[in-house]
Amino acid sequence: STGKLMNATISRWKDDVITILDNVPTHITGKVDFRKAVFVGHGVGVWVAVLVALQRPDLVRGLVGIGGDPDFTEDLLWSQLPEDTK
């Protein structure tokens with residue numbers, strides 16, 4: 001981590017999770033697919049888990065969301081954004 005808060009985004013965290021799971025060693029033997037994970041998220045972690053599940057359902061065994069943060073994007077930000085950014 002660079003420690004720079006502005007580099008921390010939900011999309012980046014989602015991509016990081018996918019990268020980690022895509023790189024789980026495949027030489028592990030047994031019947032369990034270690035790349036499939038049960039995601040347990042709280043707050044923003046629920047968003048990350050849901051985004052991973054939507055983009056790569058093949059990596060998700062289950063999902064537990066606890067107190068997911070609401071999305072206030074439209075209420076708080078959308079009207080303030082320039083048209084070319086929307």
Listed pairs under 3.5 Å, donor-acceptor, residues 40-57 side chains, sequence neighbours left out:
from  : atom 1 : to    : atom 2 : distance (Å)
Trp47 : NE1    : Asp69 : O      : 2.6
Gln55 : OE1    : Lys14 : NZ     : 2.6
Arg56 : NE     : Asp58 : OD1    : 3.0
Arg56 : NH1    : Asp22 : OD1    : 3.2
Arg56 : NH1    : Asp22 : OD2    : 3.0
Arg56 : NH2    : Asp22 : OD1    : 3.0
Arg56 : NH2    : Asp58 : OD2    : 3.0

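Nearest heavy atom pair, residue Phe39 against residue Leu59, reads CE1-O, 4.0 Å.
Here the straight-line distance linking atom CG of Asp16 with atom OG1 of Thr9 works out to 8.5 Å at 0.5 Å rounding.
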